[in-house]
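Report on one structure; see the data block that follows.
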There are 2 protein chains.
Amino acid sequence: MNAIDRLKNKGIKKTAHRLMFINILQKSAVALTEEDIKQDMGELYDRITFYRTIQTLLSAGIIHRIVIDNKNVKYALSEIAFRNHQHMHFFCKICHTVACIGEVPSYDYGLPTGYKGEEYEVLIKGICPNCG
Amino acid sequence: MNAIDRLKNKGIKKTAHRLMFINILQKSAVALTEEDIKQDMGELYDRITFYRTIQTLLSAGIIHRIVIDNKNVKYALSEIAFRNHQHMHFFCKICHTVACIGEVPSYDYGLPTGYKGEEYEVLIKGICPNCG
DNA sequence: GTTCAAATGAAACATTGTTTCATTTGCTTT
DNA sequence: AAAGCAAATGAAACAATGTTTCATTTGAAC
Ligand SMILES: [Mn+2]
Ligand SMILES: [Mn+2]
Ligand SMILES: [Zn+2]
Ligand SMILES: [Zn+2]
């Protein structure tokens, strides 16, 4: 699905910032940092609008935020393939690349009594194909 | 193990701040936010020292940081029981409590070709015993 | 094209992260 | 117990990031 349709789908206005933001993510095989996206935006970048664009796209569910730790926060499109399934993330310890990978296996994670698990997030850290 | 021994173990000086920080975590069954710990510290709290205490204790491996998302970052002691095993974390969607729970199951998580997984982090979101 | 709500971007303010440096503290050696 | 020294502290200042306000511009519906 293209950027315009993604916005139309959610009933939010198509603006230059939003379209460019989505298009940049769309072209990337991996999740991107704010800095990555900002660099790609060039001229059009504005700190405040950028901040609000992220909020808008996040709450519309068009993108998702992947928080690895304090120093690594990335954004990726919420792909249709993944929409209703939890998916895993891979973090490369060398190049710090983050990729959305397959579905979370529905194994028994063995919660202690009394806990009700609803969402299972799996983050795998290791070496990516590029760095291996 | 008590706070003094934890510091002595790592060969770092025992100071009022560090001891209090560790003792506060030690008394808690769940992971705590900076704000939680700050509140418990009272008088002794200082923003800058606090910042450095976290860094020191983190890099000594005495505590670990659990990043749920942008708005939920918590700290917990690195328990001996967990030292060499990855352990899972549980996040309660209602009260936002975070708890360190059992080991990460060593199932096959099914990485795409080329990826080498080394650490597996599992974060389960749901309802805790208190809120259920 | 007109209209109106929503988005923008400048400015200002708030919060958090980090460094610098003079002073104090904890620990080792006498 | 006292001296000596490296490490820790806390005040200050600076940097980066988050957030609100408001006048202006823009997008979409009519
Ligand atoms: Mn993802
Ligand atoms: Mn833990
Ligand atoms: Zn890599
Ligand atoms: Zn709860």
Side-chain angles (χ1 to χ4, degrees), chain A residues 2-25 31-75 96, chain B residues 2-25 31-75 96:
Chain A
N2 68 27
I4 290 176
D5 289 339
R6 282 178 196 269
L7 292 173
K8 206 172 284 178
N9 249 351
K10 302 289 179 174
I12 60 182
K13 286 190 184 173
K14 70 175 160 70
T15 68
H17 254 96
R18 292 174 187 167
L19 289 172
M20 179 164 267
F21 195 113
I22 294 173
N23 281 327
I24 289 169
L25 287 186
L32 300 176
T33 63
E34 285 200 19
E35 186 60 26
D36 294 334
I37 301 167
K38 169 181 168 178
Q39 292 304 329
D40 258 24
M41 280 194 157
E43 279 292 291
L44 196 62
Y45 174 82
D46 171 80
R47 204 174 77 90
I48 316 300
T49 305
F50 193 74
Y51 165 74
R52 286 187 284 219
T53 299
I54 290 179
Q55 303 220 332
T56 302
L57 297 181
L58 276 176
S59 66
I62 294 173
I63 64 174
H64 64 286
R65 173 193 274 142
I66 306 149
V67 181
I68 305 296
D69 55 43
N70 286 40
K71 294 290 178 193
N72 290 93
V73 178
K74 310 243 180 174
Y75 296 89
H96 293 188
Chain B
N2 67 29
I4 290 176
D5 290 338
R6 282 178 196 270
L7 292 173
K8 205 173 284 176
N9 249 350
K10 302 289 178 174
I12 61 181
K13 287 188 181 174
K14 71 176 162 65
T15 68
H17 254 96
R18 292 172 187 170
L19 289 173
M20 180 164 266
F21 196 112
I22 295 172
N23 281 327
I24 289 169
L25 287 186
L32 300 177
T33 63
E34 285 200 20
E35 186 60 26
D36 294 334
I37 300 166
K38 169 181 170 178
Q39 291 305 329
D40 258 23
M41 280 192 157
E43 278 295 288
L44 197 61
Y45 175 82
D46 170 80
R47 201 174 79 92
I48 315 300
T49 305
F50 193 73
Y51 165 74
R52 285 187 285 221
T53 299
I54 290 178
Q55 303 221 331
T56 302
L57 297 180
L58 276 177
S59 66
I62 295 173
I63 63 173
H64 64 285
R65 174 191 273 143
I66 307 150
V67 181
I68 305 295
D69 56 42
N70 287 38
K71 294 290 181 192
N72 290 93
V73 178
K74 309 244 181 174
Y75 297 89
H96 294 190

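Residue numbers begin at 1 in each chain, while the letters A, B, ... track the order of the sequences.
- To the nearest angstrom, P of dT26(D) lies 18 Å from CG of Leu7(A).
- Contact between the side-chain N/O atoms of His17(A) and the OP1/OP2 oxygens of dG9(C) is found at a separation under 4.0 Å.
- At whole-Å resolution of the value, CD in Glu43(A) and P in dG9(C) are 12 Å apart.
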- Task: Dump the intermediate steps for side-chain contact (heavy atoms from CB on, under 4.5 Å) on Met41(A) and Lys38(A), then the final yes or no.
- Result: CA-CA 5 Å; Met41(A) 280 194 157; Lys38(A) 169 181 168 178; 5.7 Å; no
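- When each of Thr56(A), Thr53(A), Leu58(A) is tested with Ile63(A) by the rule side chain to side chain contact (heavy atoms under 4.5 Å, CB included), just one qualifies, namely Leu58(A).
- The aromatic rings of Phe21(B) and Phe50(B) sit tilted relative to each other, their planes meeting at an angle between 30° and 60°.
- Residues Arg18(A) and Ala16(B) both approach DNA chain C. Their nearest nucleotides, taken by heavy-atom distance, put Arg18(A) toward the 5′ side.
- For the contact set between residues 45-53 of chain A and DNA chain D, defined by any heavy atom under 4.0 Å, the members are Arg47(A), Ile48(A), Tyr51(A), Arg52(A).
- Taking atom CG of residue Leu19(B) and atom C1' of nucleotide dT9(D), one finds them 15 Å apart after rounding to whole Å.
- Lys71(B) has no side-chain polar atom (N or O) that falls below the 4.0 Å cut-off from OP1 or OP2 of dT15(C).
- Distance CD1 (Ile12(A)) to P (dA7(C)): 8 Å, rounded to an integer number of Å.
- Taking 4.0 angstrom as the limit, Thr15(A) places none of its side-chain polar atoms (N or O) nearer than this to OP1 or OP2 of dA6(C).
- Following rounding to the nearest Å, Lys38(B) (NZ) and dG17(C) (P) show an atom-to-atom distance of 12 Å.
- In this model, the phosphate group of dT25(C) is not approached by any side-chain N or O of Lys13(B) to a distance below 4.0 Å at OP1 or OP2.
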- Query: Passes side-chain contact (heavy atoms from CB on, under 4.5 Å), Ile54(A) versus Arg65(A)? Steps please.
  - Reply: CA-CA 9 Å; Ile54(A) 290 179; Arg65(A) 173 193 274 142; 4.2 Å; yes
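- In this structure the side chain of Leu32(B) never reaches within 4.5 angstrom of the side chain of Asp40(B), judged on heavy atoms.
- Considering all non-hydrogen atoms of both residues, Arg18(A) and Lys13(A) come closest at NH1-O, 2.9 Å.
- Atom NZ of Lys10(B) is separated from atom C1' of dG26(C) by 20 Å (rounded to the nearest Å).
- Computed from coordinates, the Lys14(B) NZ to dT24(C) C1' distance equals 16 Å when rounded to whole Å.
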- Using the side-chain contact (heavy atoms from CB on, under 4.5 Å) rule, take His17(A) and Arg52(A) through it: C-alpha gap first, then chi angles, then the decisive distance, then the call. CA-CA 10 Å; His17(A) 254 96; Arg52(A) 286 187 284 219; over 6 Å; no
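- Between Ile54(A) atom CD1 and dA7(C) atom C1' there is a gap of 16 Å when expressed in whole angstrom units.
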